[in-house]
Undergrad: 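A single structure is presented below for examination.
If you read the sequence from its start, that first residue is 1, and numbering goes on from there.
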Amino acid sequence: MSDIKTEKIGRAAWQSPSNIALIKYWGKKGFQIPANASVSMTLSEATTQTIVDYRPANEPGQISFDFLFDGKPNPAFATKLKGYFETIVPELPFLTHYHFEIHSSNSFPHSAGIASSASAMSALALCLCSIEQQISNDMEAEDAAFFVKASHLARIGSGSAARSVYGGFVSWGKTPSITDSADEYATPLNKEIHPVFQHLKDSILIISKGEKKVSSRAGHGLMVRHPYAKARYIHAEKNLELLLQTLKTGNLNDFTAIVENEALTLHAMMMASNPGFLLTETGTLQVIGRISQFRLNTGIPVCFTLDAGPNVHLLYPEKDEIAVNAFIERELLVFCENDRMIDDKMGIGPKKL
């Protein structure tokens, strides 16, 4: 942005959702580039709301901001945020000309096993793109280019955040299976989705709210010399191609097989790392076993997926909600910490506030 108008004072506010990956990316190449393409489902209720007030900086040329989470300072995230701003200054030069007051809050507990970095960084990236519009007096409605840039900036802060800029099913990562795919930003996949997949529910079973023993960042790093990394990336590409076909045909049995295979493969890669590690817990395995048995007994097409942690996402069509909720209360809540479950569903994407 060549003309930085530092007399501006203003505000931008966005609410952005988290997402759950169905085709997992695990491993990176270069800077925040996925080693394999992924596909996610955007959530609806698990969101971050971010408000950014800005005014001319007292000392232009430096990064200047205050960050409050739920109204309180969060020094750890503020440190991460400073590094993020420094990284994206070449793309948003106005960052060193303004002071920012950032207020952020989640609709879900930070330790609930939901990807808070995805919702947080996508909400912030959308706010920064809105501020860029305001400062440059470009007050056109947000177009495709706006969301591409927001996705790109979100990715720099958190890889999975690139996907949260869009609703429904979203891909991220260059793949021959998707013509307009890219490593730098995500791509929405909602043109040819079978109706059976357009209203999926996601009951998030909180097996444990404890901090992970191994961070996702460290886990990605262990893929660099992983003995099965190359095979995994080939496997992920094949699963992605199959999932795209399944989303068009509406075959719930194929959907279940692919999604559960991806979840188990993700954790198998963790166990086979050097050093190996486990993020599942006893309750995780108990829940998985009961989901499989329930599906076999009833024919209801429920399936599970896992993020990089012990908590279980139970996916199923909205029409089966009553039966599945009864199953959860009867057999699964006993394995959840403090009977904790989050009732969510597929979402339409971020909302400008």
Undergrad: Return yes if some donor-acceptor pair links the side-chain N/O of Glu318 with the main-chain N/O of Leu200 below 3.5 Å, else return no.
TA: no
Undergrad: Quick one: NZ on Lys29 to CG on Asp183, what's the gap to the nearest 0.5 Å?
TA: 5.0 Å
Undergrad: Side chains of His97 and Ile135: does their closest heavy-atom pair fall under 4.5 Å?
TA: no
Undergrad: Decide yes or no for Ser104 and Phe67: does some side-chain heavy atom of the first lie under 4.5 Å from some side-chain heavy atom of the second?
TA: yes
Undergrad: Could you tell me whether the side chain of Thr96 and the main chain of Ile63 form a donor-acceptor pair under 3.5 Å?
TA: no
Undergrad: So, are Glu192 and Lys248 salt-bridged, with charged N and O less than 4.0 Å apart?
TA: yes
Undergrad: Quick one: sort the Trp172 and Tyr25 rings into parallel, tilted or perpendicular, breaks at 30° and 60°.
TA: perpendicular
Undergrad: Are side-chain N/O atoms of Glu321 and Tyr316 paired as donor and acceptor at under 3.5 Å?
TA: no
Undergrad: Would you call Arg11 and Leu353 a side-chain contact if the rule is heavy atoms closer than 4.5 Å?
TA: no
Undergrad: So, the side chain of Asn19 versus the backbone of Ala118: is there a donor-acceptor pair under 3.5 Å, distance only?
TA: no
Undergrad: For the CZ atom of Phe65 and the CG atom of Leu95, what is their distance to the nearest 0.5 Å?
TA: 10.5 Å
Undergrad: Look at the side chain of Glu337 and the backbone N and O of Lys209, then say whether any donor-acceptor pair between them is shorter than 3.5 Å.
TA: yes
Undergrad: If we ignore hydrogens and angles and just use 3.5 Å, is the side chain of His267 paired with the main-chain N or O of Asp307 as donor and acceptor?
TA: yes
Undergrad: Tell me yes or no: between the side chains of His220 and Arg217, is some donor less than 3.5 Å from an acceptor?
TA: no
Undergrad: State plainly whether the residues Glu132 and Lys149 are in salt-bridge range, i.e. N to O under 4.0 Å.
TA: yes
